[in-house]
Structures are given as structure tokens and as C-alpha cells.
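Every chain is numbered from 1 and lettered A, B, ... according to where its sequence line falls, protein lines coming before strand lines.
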Number of protein chains: 2
Amino acid sequence: MRLILNMRSTKKVSTTSPNSSPETAARIKQAAIGEFAENGFTKTTIRAIASAADVSPGLVIHHFGSKEALRTACDDYVFTAITEAKEANAQYSTMAIQLMFEDPQMRTNVDYLVKSLLDPSDHGQRFFEHYIDVVENFVTQGIAGYTFRQSTDPRGQAAMIASFALAPMVLSERLRTSLGTTDIKDTMTRLAPHLLDLYLNGILDSIPDAEVGTDSNGDDQS
Amino acid sequence: MRLILNMRSTKKVSTTSPNSSPETAARIKQAAIGEFAENGFTKTTIRAIASAADVSPGLVIHHFGSKEALRTACDDYVFTAITEAKEANAQYSTMAIQLMFEDPQMRTNVDYLVKSLLDPSDHGQRFFEHYIDVVENFVTQGIAGYTFRQSTDPRGQAAMIASFALAPMVLSERLRTSLGTTDIKDTMTRLAPHLLDLYLNGILDSIPDAEVGTDSNGDDQS
DNA sequence: GCGACGATTGAACATGCGTTTAATATTAAA
DNA sequence: TTTAATATTAAACGCATGTTCAATCGTCGC
């Protein structure tokens with residue numbers, strides 16, 4: 001007659017999976033993605049992740065080995081999740097971006113990738129390269145009925161477009177505060193007409209007399 | 001007969017400024033700006049700043065009170081330095097941007113502001129607002145002979161342009177690696193023609209039949 | 001000269017971090 | 001039922017961090 005007292009955490013006890021790791025590991029990974037997406041890799045602590053996943057800090061290490069290894073696992077997961085979602089919505093192209101701001105999980109994933117992009121590690125670079133590839137494809141193949149004017153430097157052109165497409169997400173918090181929008185979806189709605197107008201028609205409507213590069217700047221050319 | 005042994009740091013001993021604080025405080029501040037610009041606020045340690053300024057960690061606190069206060073001091077300094085430099089080169093407008101990548105000190109300042117922009121603190125927001133103001137002025141007043149097509153939402157339009165202008169700096173490391181350029185100046189040279197072309201002519205040269213939202217996507221329109 | 005004061009330092013303190021460890025609980029296999 | 005293996009935890013370890021402290025050094029007004 002053994003009296004079993006389980007006084008651990010009074011929550012997840014009857015989940016019918018007492019000794020199975022993958023379920024808990026997945027929960028830890030999701031918690032980590034959420035924390036990384038919100039606070040970045042450096043500022044996020046293992047203790048915060050453990051707390052969000054309702055486990056002990058030691059268990060996080062037990063399942064993933066180290067914080068860096070956990071990050072790699074999250075990277076792979078998010079990268080796969082996003083590319084799969086993108087392919088699934090490939091035919092909608094422009095709509096796919098919209099969907100990324102609708103689905104909360106996808107928004108977290110995007111936030112995660114943005115944070116990864118800004119952190120000087122190898123992980124984000126892979127995503128950036130991939131993203132430029134996607135854009136370059138769009139430029140050569142067209143997207144959603146739009147076609148692009150080709151360039152003699154398609155890689156540079158694609159890099160520019162990719163950077164611009166990422167800019168509102170990277171600066172989303174600053175834009176939100178500055179424009180008084182409620183969230184990034186609202187921000188994008190506000191910016192959308194300007195984006196479309198720029199991409200369709202440009203924004204400059206006159207060229208100065210002096211060309212760029214021939215800087216014979218008489219500084220009094222009023 | 002007192003024997004004075006000064007075995008501190010065998011370097012700055014005869015700099016003819018034994019007991020003056022402002023000189024040392026300025027050096028610490030410059031070191032801090034450099035470290036913050038390179039590694040961001042969180043990852044930069046007081047010890048690293050002290051080492052770069054060739055002083056003890058305690059002296060950094062002695063002069064500025066705390067790491068956060070030191071950051072505020074750096075913020076004010078960089079913000080003033082950039083705005084002054086911008087006004088000084090106001091007539092050159094486009095050239096001013098070029099100068100920011102030529103002058104190493106200015107490049108450090110720009111790096112600092114970018115890091116400040118990405119850190120979720122109040123400091124960077126002030127700079128962002130100011131930058132949008134500058135852009136909005138450019139749009140209404142023109143710049144370097146260029147004139148802009150006006151919008152019914154000038155603030156949103158300026159926010160978009162500001163975000164785009166900042167994007168290459170925010171993503172400079174990613175772009176440098178991806179394009180194989182040597183530094184941000186080289187990167188900008190590579191991107192410049194694409195930027196000018198986009199701003200002058202747009203980049204899309206055909207509008208799809210179906211308008212956005214009426215996604216009747218016959219996916220076989222080769 | 002001298003005494004007060006600021007500059008400056010090395011050492012220590014308190015805290016939070018990632019990680020390790022020893023122990024317990026739980027499950028699956030023999 | 002026993003045994004081995006895994007999941008899980010609380011506690012502690014080692015280290016880096018921001019900061020404090022007591023002491024020394026140099027300068028300047030008296």
C-alpha cells in the first residue's frame with residue numbers, strides 16, 4: 001500500500017501522457033518560440049521559457065541540451081512552418097502575407113524570424129537568403145498577375161525588394177507607435193496604398209538637371 | 001621620504017591631464033557609443049566599455065551613475081550630433097547620406113541609432129519620429145531638385161519612405177553577406193540604381209485583370 | 001605646507017544567468 | 001515483481017554582470 005503524493009505542479013497531471021517526452025518537449029519549444037519572438041534571443045532566459053511552459057529550468061536543458069541548441073530547434077521548426085505555409089498559399093501569393101498577420105501562430109513565427117534576422121547569428125542569414133530567392137522568383141515569374149520590370153542585376157534588385165518588404169515588420173513597433181495603429185495588420189492596411197502606388201508609379205515626378213555622380217556641385221544651385 | 005609607485009595601467013600617465021574629469025568622461029562616452037553601436041545595448045557590458053576607454057569599471061559608474069544613465073547620455077549626444085550634421089549638410093541633402101557612410105564617426109553614430117531603433121526603449125522612438133518629420137519635409141518641399149508626388153496621407157507616406165530608407169541600414173549585415181559587398185557604403189552603391197529606378201518609375205509594369213480582393217484565381221494563366 | 005575634494009582604482013558584493021547534479025517519480029521491459 | 005530507463009524537480013554550482021566600497025593619488029584654495 002504505497003501512498004503516492006504528487007505535489008508537483010497542480011496542473012498537467014491527467015493528460016494521459018505521464019512519461020512521454022515529445023509532448024512536453026513540443027510545449028517547451030512553443031514556449032521558447034513565443035519568448036524569443038517577443039523579447040529576442042539574448043534577453044530571453046531559460047527560466048522564463050520554463051515558466052511559460054510550466055516546467056523546471058532543468059527540464060529545458062534536459063530536452064534540448066543548451067539554450068543555443070534550443071534556439072536551433074526553434075529555428076528549424078519556424079523555418080519549416082513558414083515555408084510550408086507559404087507553399088500552401090502559393091497560389092494566393094499576396095494573400096499569403098495577409099494570412100500571416102491574421103493567424104496568431106504565424107504572426108509569432110514571423111516575429112521570431114524578424115528577431116532572428118536582427119541577431120548577428122548564422123541562423124537568420126539562411127532565412128534572408130531564402131527570402132531573397134523567393135523575391136527573385138517573383139520578379140522573374142511575376143506574382144498574382146503582376147509582372148516586374150527586369151534588371152541587369154536581378155540579385156541586387158531582389159535584395160532591395162526583400163529589404164523593403166521586411167522593413168515594416170522589423171520596424172513594426174516604431175511604426176505602430178508613430179502612426180497610432182493598433183497592430184501590424186492595421187499598420188499594413190495604412191501603408192498598403194502607398195506601397196502599391198510606389199511600386200506601380202514610383203514617387204518622384206521630376207529629375208533634377210544635374211545627374212547623380214557628376215558632382216560638379218556649385219553649391220548655389222538653388 | 002615617500003616612495004610613490006604608480007603601477008596602474010602603464011599607458012596614460014603623462015597625458016598632462018591628471019585630475020580633469022570632462023576629458024575622461026568624454027572618452028568613456030565615446031567608447032560606450034562605439035560598443036553600443038557594434039553590439040547593441042544589452043550585449044554590451046560596462047567592463048567592455050571601461051576596457052575600451054582604458055579605465056576601471058567603477059569609474060564608468062562614478063561618472064554616469066548607471067549603465068542606463070550612460071545610455072541616455074549617449075543617446076542625447078548622438079541625436080544632437082546627427083541632427084547638427086544633417087543641418088550642416090542640409091543643402092547637400094542627398095550628399096549628406098553619402099557623407100554618413102564616409103565619415104567613420106558618423107557611421108558609428110548611425111549604427112548607434114539603428115541599434116537604438118531596434119531596442120524596445122523610448123529612446124529610439126524619438127529619433128524615428130524626428131526622421132519621419134524630416135522625410136515629410138522632403139516630400140512636401142522636394143530635395144536636391146527632385147520633387148515628390150503628394151499623397152492624401154502624407155504621414156503614412158513619409159512613414160513608408162522612412163522605413164524604406166532605414167531598411168538597408170537595419171539589415172546592412174544581412175545584405176553585406178548576401179551580396180558579398182565589403183561594407184555598407186559598398187552595399188548602398190550596389191543598391192543605388194535600383195532605388196533610384198524604383199522611386200522614379202516604380203517596378204511593376206502591368207496590373208492584373210482581377211483587382212486585389214476579387215481573387216478569382218484561374219491558376220493556369222501562363 | 002595643508003587639508004579638502006574629486007578622480008581613479010582594485011576588490012568585493014549581490015544578483016541573475018546557463019547549466020549540473022542528485023534525488024524522486026513514472027513507465028516499459030524482463 | 002523486479003529492473004532499467006526516462007521524465008522531472010529542487011537545489012546548487014560557476015560565472016558574468018552591474019554596482020558599491022574603501023583606499024590612494026593628484027590638484028587646488030587657504
Without placing hydrogens or testing angles, list every side-chain donor-acceptor pair under 3.5 Å for residues 35-48 of chain A, not counting sequence neighbours.
unit_1, atom_1, unit_2, atom_2, d
T44(A), OG1, E35(A), O, 3.2
T44(A), OG1, G40(A), O, 2.6
T45(A), OG1, A48(A), N, 2.9

Considering only distance and modelled atom types, tabulate donor-acceptor pairs under 3.5 Å from the side chains of residues 154-163 of chain A, sequence neighbours left out.
unit_1, atom_1, unit_2, atom_2, d
R155(A), NH1, D133(A), OD1, 2.8
R155(A), NH1, E136(A), OE1, 2.8
R155(A), NH2, D133(A), OD1, 3.3
Q157(A), NE2, R149(A), O, 3.3
S163(A), OG, A159(A), O, 2.8

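If you check residues 115-124 of chain B against DNA chain C, you find no residue with a heavy atom closer than 4.0 Å.
Rounded to whole Å, the distance from CD on E23(B) to P on dG26(D) is 17 Å. Atom pair F64(A):CZ and dT8(D):P shows a separation of 11 Å (rounding to whole Å applied).
Using a 4.0 Å cut-off between charged side-chain N and carboxylate O, R126(B) and E129(B) make no salt bridge.
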N/O-N/O pairs, protein side and nucleotides 17-22 of chain D side, under 3.5 Å:
unit_1, atom_1, unit_2, atom_2, d
dG18(D), OP1, T44(B), O, 3.4
dG18(D), OP1, K67(B), NZ, 3.0
dG18(D), OP2, I46(B), N, 2.9
dG18(D), N7, R47(B), NH1, 2.8
dG18(D), O6, R47(B), NH2, 3.1
dT19(D), OP2, K67(B), N, 2.8

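OP1 or OP2 of dT8(C) sits under 4.0 Å from a side-chain N or O of H63(B).
Among pairs with a residue in residues 62-71 of chain B, those fulfilling salt bridge (Lys or Arg N to Asp or Glu O under 4.0 Å) read R71(B)-D75(B), R71(B)-D119(B), at least two apart in sequence or across chains.
By the salt bridge (charged side-chain N to carboxylate O under 4.0 Å, His left out) test, D186(A) is found to be paired with no residue, residues two or more places apart in sequence or in another chain being considered.
If you look at F79(A) and H130(A), their ring centroids are closer than 6.0 Å.
Residues G34(A) and T108(A) share a closest heavy-atom pair of CA-CG2, 4.1 Å.
Neither side chain, H63(A) nor T24(A), offers a donor N or O lying under 3.5 Å from an acceptor on the other.
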